[in-house]
Number of protein chains: 2
Amino acid sequence: MALPPSDDTSNRQRTPGTGLRRGGLPFTPAVEDYAKALYRLEQSTHDPVATGALAARLEISAPSASNMLRNLEQLGLATVAPGRGARLTAAGRDVARGVIRRHRIIECFLTDILHIPWDCVHEEADLLEHAVSARVAEAMWEALGRPDRDPHGDPITAVDDDDPDFGVLEALDTWEAGATGVLVRVSDARPEALRYMAAQGISPGLDVSVLSTEPFGAGQRVRIGGLDHMVGPELGRLIFVQRI
Amino acid sequence: MALPPSDDTSNRQRTPGTGLRRGGLPFTPAVEDYAKALYRLEQSTHDPVATGALAARLEISAPSASNMLRNLEQLGLATVAPGRGARLTAAGRDVARGVIRRHRIIECFLTDILHIPWDCVHEEADLLEHAVSARVAEAMWEALGRPDRDPHGDPITAVDDDDPDFGVLEALDTWEAGATGVLVRVSDARPEALRYMAAQGISPGLDVSVLSTEPFGAGQRVRIGGLDHMVGPELGRLIFVQRI
DNA sequence: GAAATTGATTAGTGTAGGCTAATCACTATG
DNA sequence: CATAGTGATTAGCCTACACTAATCAATTTC
């Protein structure tokens with residue numbers, strides 16, 4: 001005989017209407033996603049975020065965004081100026097930075113410890129970032145040796161710090177022939193671009209030098225980590241480099 | 001300047017009405033939880049599972065369970081006999097075993113790699129088991145060296161295998177004075193009991209010998225891993241041992 | 001200054017997953 | 001046999017999020 005008190009009474013906290021689950025996590029995944037999106041949009045424009053911009057970002061309808069903004073306001077995470085867009089509150093920024101920090105730690109963890117290919121970790125991390133508690137995320141960070149960048153080169157900052165100003169970071173497509181530097185970060189915006197770069201052996205940390213700039217929008221011939229590549233302008237915009 | 005194509009377009013698959021998210025995962029967390037609960041109940045009684053038993057197990061109301069059972073049936077995961085309870089189909093069993101496998105791998109991972117205390121991992125794993133893809137779970141399993149037991153001693157089996165019959169596994173409280181063996185598994189049913197055992201240094205893998213059995217339900221004096229403990233009957237029922 | 005375009009909000013729906021209260025269908029008992 | 005318990009289901013409701021269609025408000029254009 002075995003297994004009688006068959007385990008798993010699991011304190012499944014029930015946030016009414018949210019199914020089982022959410023065991024103690026403070027916000028719903030949707031709320032965290034909205035906070036993250038608001039943070040990013042606010043960060044790039046430094047202006048209040050228009051409902052439509054938020055909706056476009058999350059690929060949802062404008063009414064959905066409008067609705068959820070009222071929700072965020074009620075949760076104290078955002079303030080909504082009647083017709084003119086929304087801003088995160090300090091609390092909202094903390095939520096957003098927490099999610100972003102967890103996301104990047106998870107990406108590190110997936111590549112460095114689980115050896116999942118570099119170009120797949122973003123999607124997996126999107127799934128996990130809402131289920132990993134702060135405790136687990138911090139334990140991951142420690143286990144990884146407190147890294148300060150994720151595999152795409154994005155910084156892992158403290159929850160109460162803004163993303164650092166990248167300073168002299170430039171997109172590769174703005175560089176002239178002869179320029180040299182180091183590849184610091186690649187945007188994870190387009191998964192297929194990530195996959196291509198992974199296949200070509202292009203990744204953060206490598207030395208970069210622009211061999212030539214081709215006419216008629218053909219892009220650049222670039223040596224990256226000892227290998228030569230043709231980098232078209234679309235790809236060049238996703239690669240961020242720092243002069244040395 | 002930096003961070004312009006501000007990342008994270010993330011292919012957020014939208015299962016209508018499920019918020020953002022669920023990027024490709026086949027079943028909702030609720031469905032997985034129901035399958036898991038059905039599997040466990042079926043496994044212990046070998047009979048169809050009564051709606052009420054399922055509801056009690058998941059700490060939800062009977063109507064909710066009744067409702068979801070119809071849902072599971074429509075998904076092809078269970079068959080519901082009109083008034084007489086439900087059974088998992090082969091597909092349902094696969095779902096359940098998948099969740100259980102992921103849960104146990106995650107528990108291993110949390111203790112062995114992240115060094116999260118043994119008595120806390122169950123709750124964290126409950127949260128994560130629905131967000132970790134099969135791919136990530138298997139990568140974890142490989143990174144851990146393909147363990148065959150989780151930290152509580154529960155077996156990690158292939159998705160298409162049933163939990164092995166534990167054979168000669170017995171609850172500690174059934175043992176007489178003088179019996180000796182090894183602690184194979186502790187039930188993770190009661191978190192506070194786990195916490196107590198962790199504090200006392202009681203964990204799977206240790207040698208066990210019953211020194212004496214006390215009268216009037218006082219339990220047993222037991223040497224576990226070199227330390228003496230008074231084990232009351234409530235605790236003894238949660239500890240599973242194998243004679244040597 | 002009237003009309004058209006644009007952006008945000010309201011109104012109403014749908015789905016997933018919970019709940020309570022009431023009902024139905026057996027069983028078990030006086 | 002009638003009556004009282006059980007256990008399951010139905011009916012009806014609630015929350016979180018999403019959607020479409022329609023409206024409102026502001027700006028642009030003629």
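The chains referred to below are lettered A, B, ... by the order of the sequence lines, with proteins before strands, and numbering in each begins at 1.
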Atom-pair distance (CD on E32(A); C1' on dC17(D)), nearest Å:
15 Å
Atom-to-atom span, CZ of F27(B) to P of dA16(C) - whole angstrom:
14 Å
Expressed as a whole number of angstroms, how long is the span from M68(B):CE to dT15(C):P?
15 Å
CD/Q74(B): more than 12 non-hydrogen atoms of other groups inside 6.0 Å:
no
Please determine whether a side-chain nitrogen or oxygen atom of N71(B) lies at a distance below 4.0 Å from atom OP1 or OP2 of dA16(C).
no
Nearest-nucleotide pick for S61(B), side chain only, options being dT9(D), dA18(D), dC19(C)
dC19(C)
Side chain of P63(A): nearest nucleotide among dA18(D), dG17(C), dT10(C)?
dT10(C)
Report the nucleotide, chosen from dC19(D), dC17(D), dG18(C), that has the shortest atom-to-atom distance to any side-chain atom of N67(A).
dC19(D)
Nearest whole angstrom, please: distance from the C1' of dG18(C) to the CG of L54(B).
14 Å
Whole-Å distance, L69(A) CG to dA18(D) C1', equals 14 Å
Counting heavy atoms from C-beta on, name the nucleotide in dG17(C), dC19(D), dC19(C) closest to the side chain of I60(A).
dC19(D)
Rounded to whole Å, how long is the line connecting atom CG of L75(B) with atom C1' of dG17(C)?
13 Å
Answer yes if the ring centres of Y39(A) and Y34(A) are under 6.0 angstrom apart, and no otherwise.
no
CG of L58(B) versus C1' of dC19(C): gap in Å, rounded?
15 Å
Side-chain N,O (R70(B)) to OP1/OP2 (dT10(D)) below 4.0 Å
yes
Determine whether the side chains of E107(B) and H103(B) contain a donor N or O and an acceptor N or O closer than 3.5 Å.
yes
Please check the phosphate of dA18(D) (OP1 and OP2 only) for any side-chain N or O of S64(A) closer than 4.0 Å.
no
With no hydrogens and no angle check, is any side-chain donor or acceptor of R102(B) less than 3.5 Å from a backbone partner on E129(B)?
yes
For dA16(D) and Y34(A) - does any side-chain N or O of the residue sit under 4.0 Å from the phosphate oxygens OP1/OP2?
no
Sugar-phosphate, base or nothing in reach of T51(A), heavy atoms under 4.0 Å:
sugar-phosphate
Looking only at the side chains, is there a donor atom on one of T79(A) and E73(A) sitting less than 3.5 Å from an acceptor on the other?
no
Closer to the 5' end of DNA chain C via nearest nucleotide, is it V49(A) or V31(B)?
V49(A)
At under 4.0 Å between heavy atoms, what does A50(A) touch on the DNA or RNA strands: base, sugar-phosphate, or nothing?
sugar-phosphate
Indicate whether OP1 or OP2 belonging to dT10(D) is found under 4.0 Å from a side-chain N or O atom of S66(B).
no
In whole angstrom, what separates E59(A)'s CD from dC19(D)'s P?
10 Å
